There are 2 protein chains.
Amino acid sequence: MENTIDFLKNYGLSITESRKKILSLFTQTKGALAHADIERNASVNFDRVTIYRTLQTFVDKGIIHTIPTADNSVLYALCKDTCKEGHHHDNHVHFICDSCDTTYCLDNVTIPAVVLPEGFIAKQSDVVISGICKNCEVIKE
Amino acid sequence: MENTIDFLKNYGLSITESRKKILSLFTQTKGALAHADIERNASVNFDRVTIYRTLQTFVDKGIIHTIPTADNSVLYALCKDTCKEGHHHDNHVHFICDSCDTTYCLDNVTIPAVVLPEGFIAKQSDVVISGICKNCEVIKE
DNA sequence: TAAGTTCCTGCAACTGTGTTGCAAAATATT
DNA sequence: AATATTTTGCAACACAGTTGCAGGAACTTA
């Protein structure tokens, strides 16, 4: 509880119910969250618009980042400390489990360098891998 | 013209105006197309629904494939010959130019193998790189 | 802690994207 | 050419996301 408040203050954000609730939802969750996940959550009964704006504020401040997915839904996950305001460093691989549908940020897996054709200059790389996650693999055995 | 008809026949599709027009739009375009691009195109004045259904048919038949993008819009591009019905082999890197907004399928750039943590099994990888494309780089000089 | 300022929230309304059902029209089949 | 099958266009709908604005919170300063 105290942590959430200090955390928000450090980012220069005023302390509001929606920000506290949504932030702690992220810290309590292993995987990434969609807007709909948050809206569905009983403890977070705010207006859709408020949730959108809170998420956008967090993205702007470098608290969370968006994840591109194959089925074109937007997912959000907590950033690492290296993310600064307006300057994301989410150079990690995202993993989507086909079985439980959880999205993971694999922070320790760096994106391999890709050799582009002559004339192409890379600035940002997004890698999304889908398959079976650690948890589901164990269950299936 | 003849080509388009034979092409569609080979995929077991009946020959209709919308399929011919939309298919030739793809063959005439370097980069990938969004649904909106097609709808905007003067030569393709079909109903929105028809365009959606035609694109879906092409995806189902393995003629085009969808591309995941960071800003969560759906893009479509022609498949290579290796794509079969219901079985896409689009193991290539997608490149989005920040300057001209064109999306390229870099067919000759294969996706590098990524080492996942213990217990994670990869089935499909999507790599989207953004930056400056060959064309825009030349112009800027 | 009270007053005023600033910022956030909820509501309503709107835009854009994609889907579905159905009748009419076009294409394929014989 | 006549019939059966597909495809199209329209209307209506579902859903995600955005914007403007008034009222209500949270901050600031004294």
Side-chain angles (χ1 to χ4, degrees), chain A residues 1-2 4-25 32-41 43-61 63-76 85 101 103, chain B residues 1-2 4-25 32-41 43-61 63-76 85 101 103:
Chain A
M1 310 289 144
E2 290 295 332
T4 313
I5 293 173
D6 289 345
F7 186 91
L8 289 171
K9 276 186 183 164
N10 282 340
Y11 279 96
L13 293 173
S14 46
I15 314 303
T16 70
E17 279 307 301
S18 79
R19 286 173 184 170
K20 281 191 286 182
K21 286 264 176 68
I22 293 175
L23 179 59
S24 58
L25 237 187
L33 293 169
H35 175 273
D37 295 329
I38 299 166
E39 202 176 339
R40 252 184 253 115
N41 192 293
S43 76
V44 183
N45 55 339
F46 299 102
D47 194 85
R48 289 174 341 106
V49 180
T50 302
I51 297 172
Y52 277 115
R53 288 198 267 228
T54 304
L55 289 171
Q56 191 53 56
T57 303
F58 285 180
V59 170
D60 291 344
K61 290 287 178 179
I63 297 172
I64 59 178
H65 63 276
T66 57
I67 303 173
T69 64
D71 71 332
N72 269 80
S73 60
V74 188
L75 291 176
Y76 303 87
E85 187 168 342
D101 229 44
T103 297
Chain B
M1 310 291 142
E2 290 295 331
T4 312
I5 293 173
D6 290 345
F7 186 92
L8 289 171
K9 276 185 183 163
N10 281 341
Y11 279 95
L13 293 172
S14 46
I15 314 303
T16 70
E17 279 306 302
S18 80
R19 286 174 184 167
K20 281 191 285 183
K21 285 266 177 66
I22 292 176
L23 180 58
S24 59
L25 238 186
L33 293 169
H35 174 274
D37 295 329
I38 299 167
E39 202 177 338
R40 252 183 253 117
N41 192 293
S43 76
V44 183
N45 56 339
F46 299 103
D47 194 85
R48 285 172 348 102
V49 180
T50 302
I51 297 172
Y52 278 115
R53 288 196 269 228
T54 303
L55 289 171
Q56 191 53 55
T57 304
F58 285 180
V59 170
D60 291 344
K61 290 287 178 180
I63 298 172
I64 60 177
H65 63 275
T66 57
I67 303 173
T69 64
D71 72 332
N72 270 81
S73 58
V74 189
L75 290 177
Y76 303 87
E85 187 169 340
D101 229 45
T103 298

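The analysis underlying the following values was restricted to heavy atoms, covering all of them including side chains, and did not include hydrogens, waters or symmetry mates. Numbers restart at 1 for each chain; the letters A, B, ... are given by sequence-line order, proteins then strands. Remember, it's a predicted structure, so these values are computed and weren't measured experimentally.
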Student check: side-chain heavy atoms of B:Leu8 and B:Phe58 closer than 4.5 Å: yes

Atom pairs, N/O to N/O, protein against nucleotides 27-30 of chain D, distance under 3.5 Å?
from: D:dC27; atom 1: OP1; to: A:Ile15; atom 2: N; distance (Å): 2.6

With B:Thr103, which residues qualify under side-chain hydrogen bond (donor to acceptor under 3.5 Å, both in side chains), at least two apart? none

Non-hydrogen side-chain atoms of A:Ile51 and A:His35 separated by less than 4.5 Å: yes

Considering the options A:Ile22, A:Ile63, A:Leu13, which one meets the side-chain contact (heavy atoms from CB on, under 4.5 Å) requirement together with A:Thr57? A:Leu13

Would you kindly say whether B:Thr54 and B:Ser18 are connected by a side-chain donor-acceptor distance under 3.5 Å? yes

Expressed as a whole number of angstroms, how long is the span from B:Ile38:CD1 to D:dT8:P? 13 Å

Let me spell it out: for each of A:Thr50 and B:Glu17, pick the nucleotide of DNA chain C with the closest heavy atom. Which residue's pick is nearer the 5' end? A:Thr50

Gap separating the NZ atom of B:Lys20 from the CD1 atom of B:Ile5, nearest 0.5 angstrom: 5.0 Å

Atom NZ of B:Lys21 to atom C1' of D:dT8: distance rounded to whole Å? 14 Å

What integer distance in Å separates A:Phe46:CZ from D:dA25:C1'? 12 Å

For DNA chain C, note the earliest and the latest nucleotide, 5' to 3', having some atom under 4.0 Å of a heavy atom belonging to chain B. C:dT17 to C:dA28

Please name all residues satisfying ring pair (Phe, Tyr, Trp, His ring centres under 6.0 Å) with B:Phe46, sequence neighbours left out, ordered by chain then number. none

Please give me the minimum heavy-atom distance between B:Ala32 and B:Asp37, naming the atom from each residue. O-OD2, 4.5 Å

What integer distance in Å separates B:Asp60:CG from D:dT6:P? 15 Å

Scan for side chain to side chain donor-acceptor pair (under 3.5 Å) pairs involving residues 43-52 of chain B, sequence neighbours excluded, and state none if there are none. B:Asn41-B:Ser43

side-chain hydrogen bond (donor to acceptor under 3.5 Å, both in side chains) with B:Ser14: which residues, sequence neighbours excluded? B:Arg19

For nucleotides 15-19 of chain D, list the nitrogen or oxygen atoms of the protein found under 3.5 Å from its nitrogen or oxygen atoms, one pair per line.
from: D:dG17; atom 1: OP2; to: A:Tyr52; atom 2: OH; distance (Å): 2.9
from: D:dG17; atom 1: O5'; to: A:Tyr52; atom 2: OH; distance (Å): 3.4
from: D:dG17; atom 1: N7; to: A:Arg48; atom 2: NH1; distance (Å): 3.1
from: D:dG17; atom 1: N7; to: A:Arg48; atom 2: NH2; distance (Å): 3.2
from: D:dG17; atom 1: O6; to: A:Arg48; atom 2: NH2; distance (Å): 3.1

Could you work out, with side chain to side chain contact (heavy atoms under 4.5 Å, CB included) as the rule, every residue matching A:Ala36, not counting sequence neighbours? A:Arg40

Based on the rotation axes of five pairs at each end, what angle does the helix from C:dT1-D:dA30 to C:dT30-D:dA1 bend through, to 10°? 40°

Starting at CD1 of A:Ile64, measure out to CG of A:Leu55 and round the result to the nearest 0.5 Å. 4.5 Å

Separation of D:dG24 P from A:Asp47 CG (nearest whole Å): 16 Å

Please report the distance, rounded to the nearest Å, between CD1 in B:Ile51 and P in D:dT7. 16 Å

Looking only at heavy atoms, what is the nearest atom pair of B:Val44 and B:Ile38, with distance? CB-O, 3.8 Å

